[in-house]
Amino acid sequence: MSCFPTRGITSKITLKIPRKKYKQFIESSVIFMMKIIQPRKELRPYVRYYWILENDKPFRILTFPIGCPQIIFHKKSPLFIPELNTTQCNFTISGQVNFPSHIQTDGNLEMIVAVFYPHTIGMFIDTPPSSFYNLEISGHDLKKPDIIRLSDQIFECENTNKCITIIENWLLSRINPSVNLRRIQLSIMSLLKEPGQTVNSLADLTCLSKRQFERIFYDMVGMPPKEYARIVRFQKALWFIQQNKNNYAGIAIDCGFSDQSHFIRDFKALSGYTPHKIRQYCDPYSDLFTNPV
């Protein structure tokens, strides 16, 4: 592992060891170089990290939902997602998802990705994430001149490190946190600590009625709070498995599942595998509960 200029790290990683948001890298023995970059201080409350990936080998990888939207720039060939029967646009905004999927590339890959906290992307793109729930949309379809200018700048820039600077300058110009953003942030922080909380308790925490809370949460996060809590429970369970915990009944309790059967059922729905089988298929990695930078 070598130092990455300015901030962050550069790592050589095998795809069997997940390292990204899109959901999570899992299968294949392809070796690639990925740079994971920490945002500048002013952006850290809103942006989790950036990553840059270049690869010249074809691969097909199973991915998991992780609860964080992304802005993706493909400088070469975009990724294909068979479950959505779609190829990502060269400028893609990836929303919240509640299903496992595969990503495929022909090997001509150069990606620059900004990974946001669950509730913050809408502030930057001036579009509610609920409008692209379970979708991959083209940033051009938002028809917002400043976003299109950002895309033009990225594709005109040949230096990927400078691309991150361009992205950060654009993001900095759009920071404008609202009262509701702070409310939803509070509820998400609480949910990450105790994934078994009810929607009523989260609404009470934010001093909103249940109906108000559900509406605002859906608009800002991009999926209903009950469904998002399901993703959080899955990711926390994945983190326990990542830590080599084998007591599935204990994991179910600690993650807020009603029982072990509920845990296994939800885990398989969101990963495609039972907790036992996933160990045989990959090295489990929880993006939501692991800080890559």
Side-chain angles (χ1 to χ4, degrees), residues 8 15 19-25 28 30 32-37 39 43 47-63 65-66 68-97 101-116 120-129 131-174 222 287:
L15 290 186
R19 282 302 241 191
K20 83 175 224 184
K21 167 289 163 189
Y22 173 58
K23 285 150 227 163
Q24 247 158 299
F25 278 141
S28 177
V30 176
F32 63 92
M33 292 299 296
M34 173 184 279
K35 297 174 183 177
I36 302 176
I37 305 162
L43 288 167
V47 182
R48 290 189 64 200
Y49 55 90
Y50 312 99
W51 54 269
I52 299 170
L53 173 62
E54 297 182 41
N55 181 67
D56 60 1
K57 305 290 185 183
F59 62 77
R60 182 175 184 269
I61 300 165
L62 174 64
T63 67
I66 71 158
C68 295
Q70 308 165 95
I71 293 178
I72 303 169
F73 298 95
H74 288 286
K75 292 244 180 188
K76 296 181 181 177
S77 298
L79 298 171
F80 177 69
I81 304 169
E83 285 79 5
L84 297 175
N85 192 30
T86 187
T87 297
Q88 290 182 336
C89 175
N90 62 350
F91 174 29
T92 290
I93 298 176
S94 180
Q96 299 282 6
V97 298
S101 62
H102 296 77
I103 56 174
Q104 298 174 199
T105 175
D106 61 7
N108 185 31
L109 189 66
E110 183 179 350
M111 300 175 65
I112 301 170
V113 181
V115 182
F116 295 84
T120 58
I121 192 172
M123 176 179 69
F124 295 106
I125 63 174
D126 195 28
T127 301
S131 64
F132 45 94
Y133 177 30
N134 276 340
L135 294 173
E136 306 275 333
I137 67 169
S138 168
H140 298 290
D141 289 344
L142 298 180
K143 301 187 185 304
K144 297 185 182 294
D146 63 318
I147 294 177
I148 293 172
R149 281 195 298 271
L150 169 66
S151 172
D152 291 342
Q153 287 181 292
I154 294 301
F155 290 113
E156 289 170 3
C157 179
E158 296 182 359
N159 184 296
T160 52
N161 295 332
K162 288 182 180 179
C163 286
I164 296 298
T165 300
I166 292 170
I167 293 169
E168 291 213 304
N169 288 338
W170 182 83
L171 292 172
L172 284 167
S173 71
R174 301 187 63 81
D287 184 281

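When a residue number appears, it is its place in the shown sequence, counting from 1.
Annotation: the span from N90 atom CG to I154 atom CD1 amounts to 11.5 Å, rounded to 0.5 Å. Atom CD1 of I112 and atom OG1 of T160 lie 6.0 Å apart (nearest 0.5 Å). Between atom CD1 of residue I166 and atom CG of residue N159 there is a gap of 9.0 Å, rounded to the nearest 0.5 Å. How far CD1 of I121 is from CE of M123: 10.5 Å, rounded to the nearest 0.5 Å. Between atom NZ of residue K162 and atom CD of residue E156 there is a gap of 13.5 Å, rounded to the nearest 0.5 Å. The NZ atom of K75 sits 9.5 Å away from atom CD1 of I52, with the distance rounded to the nearest 0.5 Å.
In this structure, T120 and V47 have side chains that are not in contact, with every pair of non-hydrogen atoms separated by 4.5 Å or more. No side-chain heavy atom of N55 sits less than 4.5 Å from a side-chain heavy atom of M111. By the 4.5 Å heavy-atom criterion applied to side chains, L142 and I137 are counted as neighbours. Between L79 and L109, the closest side-chain pair of non-hydrogen atoms falls below 4.5 Å. Contact check for V115 versus V113: side-chain heavy atoms found under the 4.5 Å cut-off. At a threshold of 4.5 Å between non-hydrogen side-chain atoms, the residues I148 and F91 do not count as touching. Under the 4.5 Å side-chain criterion, counting only non-hydrogen atoms from C-beta, H140 is in contact with S151. Put simply, the side chain of I71 reaches to within 4.5 Å of the side chain of I125, judged on heavy atoms.
In terms of heavy atoms, V97 sits closest to P65 at O-CB, 3.1 Å. Heavy-atom minimum distance, E168 versus P39: OE2-CA, 3.3 Å. Among all heavy-atom pairs drawn from K144 and T127, the shortest one is CE-OG1, 3.2 Å. In this structure, C89 and H74 approach most closely via the heavy-atom pair O-CD2, 3.4 Å. Smallest separation of non-hydrogen atoms from F124 and L171: CE2-O, 3.3 Å. Across every non-hydrogen atom of I167 and L150, the tightest pair is CA-CD1, 4.2 Å.
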- Message: Using the rule given for side chain to side chain contact (heavy atoms under 4.5 Å, CB included), can you reason through Q88 versus I103, listing the C-alpha separation, both sets of side-chain angles and the distance that settles it, and then say yes or no?
- Response: CA-CA 10 Å; Q88 290 182 336; I103 56 174; 5.9 Å; no

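Checked by atom type and distance alone, the side chain of K35 never pairs as donor or acceptor with a backbone atom of Y50 at under 3.5 Å. Between the side chain of T92 and the backbone N or O of S94 there is no donor-acceptor pair closer than 3.5 Å. Not one N or O on the side chain of T87 forms a donor-acceptor pair closer than 3.5 Å with the backbone of F80.
Using the six-membered ring where Trp is involved, F155 and F73 have ring planes that are perpendicular, over 60° apart on the 30 and 60° scheme.
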